[in-house]
Amino acid sequence: MRFDNQVLFVTGGASGIGRATAERVVAEGGRAALVDLDGDRARAVAAEIGHGCIGLSANVADEMQVKAAVDATVEQLGGIDLALAAGGHAEFGDIAEWDHARFMKMVEVHLGGTFWVCKYVTPVMKSRGRGSIVTIASTAAVMANNKNVPYGAAKAGITGLTRQFSLEALPEVRVNCIAPGRTITGMTAPLMVQRGGDMERGEEIFGAPIPMKRMGRPEELAAAICFFLSDDASFITGQTLVVDGGETIS
Ligand SMILES: NC(=O)c1ccc[n+]([C@@H]2O[C@H](COP(=O)([O-])OP(=O)(O)OC[C@H]3O[C@@H](n4cnc5c(N)ncnc54)[C@H](O)[C@@H]3O)[C@@H](O)[C@H]2O)c1
């Protein structure tokens, strides 16, 4: 029960890694505010999880929407002890296909969204004397993939943001980053079916370059995130942990 009576603020909480983390925090005694672009789904998932969880609508690229979600969480759940910035989308394409609006959306959602979450949850945590924030990068932050320049650049920015902000957030708040490899979520499932025809064949294709020969599960990412969120990581800040079945070993 590492999260007894603690409150998690999680963006992207309606699906995948964000949802799995909320479920793990609740299983260990906490409550969660699930914040998502898809507010209806966030509210439905919060109701499904139960245990006092709430769902909120916000676009993380919009500073004032993030602020409003933080304020609503404090008002409805009494504070914020833990935060996960997991809201985001994936888009691929040759650099020539990216115009200004498409590129800025990628940067504003991933790098900007992480920045606004850090900005608004930290004073709440500091006022309570403690807190832990986890940001989400990707293996794309540390290795090159095909047609993935804006996403990889935004994700590399998140590892830099985490390192820089971790210093400012001390002494009350720790800030760490998880860099997931290929994980089966709402983001990847359609691509898996598109490439493989079904999920099983899709995993064979997407799992092929991974030494473990499979993709990650959201629960496996949640386990690593909850390590950073918890007091088990009480002497760790500013770090990025790659969770990828060994894809970036070589
Ligand atoms: N699944 C993978 O293989 C993988 C690998 C590396 C990194 N990641 C990262 O993990 C994080 C979580 O993704 P996931 O795999 O769980 O995908 P997912 O699609 O299952 O969940 C992402 C959630 O973020 C929400 N979202 C999208 N844009 C948003 C916005 N602007 N504001 C608020 N919410 C928004 C979506 O509605 C969705 O519910 C993302 O940052 C993603 O880039 C995923």
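Quantities reported herein were computed from a predicted structural model and do not represent experimental measurements. Both ligands and their constituent atoms are indexed starting at 1 by order of listing.
For Met187, heavy-atom contacts with ligand 1 shorter than 4.0 Å involve the backbone as well as the side chain. Heavy atoms of Leu37 found under 4.0 angstrom from ligand 1 belong to the backbone as well as the side chain. Of all the heavy atoms of Val60, the ones lying under 4.0 Å from any atom of ligand 1 are found in both the backbone and the side chain. Under 4.0 Å from ligand 1, the heavy atoms of Lys155 that appear belong solely to its side chain. At a heavy-atom cutoff of 4.0 Å, ligand 1 is contacted by the side chain of Arg41 but not by its backbone.
The number of heavy-atom neighbours closer than 6.0 Å to CD of Gln164, taken from other residues, nucleotides and ligands shown, is 12 or below.
Note: an N/O pair closer than 3.5 Å links Asn59 and ligand 1 by distance alone. Remark: ligand 1 and Gly186 share an N or O pair separated by less than 3.5 Å (distance only, no angle test). For a threshold of 3.5 Å applied to N or O pairs, the pair formed by Tyr151 and ligand 1 contains at least one separation below that value. At a 3.5 angstrom cut-off on N or O pairs, Thr183 counts as close to ligand 1.
Ligand 1 has no atom lying under 4.0 Å from any heavy atom of Met215. Residue Val109 places a heavy atom under 4.0 Å from ligand 1. For the pair Gly113 and ligand 1, no heavy-atom separation below 4.0 Å is found.
Between Ile17, Val10, Asp36, it is Asp36 that holds the heavy atom closest to atom 25 (C) of ligand 1. Summarising the contacts of atom 4 (C) of ligand 1 with Pro218, Ala90, Ser138, Gly181, the nearest heavy atom is found in Gly181.
At least one side-chain heavy atom of Glu63 sits under 4.5 Å from a side-chain heavy atom of Tyr120.
For atom 14 (P) of ligand 1, the closest non-hydrogen atom on the protein side is Thr185 OG1, 3.5 Å. The protein heavy-atom contact nearest to atom 9 (C) of ligand 1 is Ile136 CG2, 3.6 Å.
Classification of Asp40 and Arg43 as a salt-bridged pair holds, one side-chain N sitting under 4.0 Å from a carboxylate O. A salt bridge does not link Asp36 with Arg19: every distance from a Lys NZ or Arg NE/NH1/NH2 to an Asp or Glu carboxylate oxygen is 4.0 Å or more. With respect to Glu203 and Arg217, a salt bridge is recorded, a charged nitrogen being found less than 4.0 Å from a carboxylate O.
For Thr162 and Thr135, the side-chain atoms include at least one donor-acceptor pair closer than 3.5 Å.
The backbone N or O of Glu97 lies less than 3.5 Å from no partner atom in the side chain of Asp94, so there is not a single donor-acceptor pair. The backbone N or O of Gly238 sits less than 3.5 Å from a side-chain atom of Asn176, completing a donor-acceptor pair.
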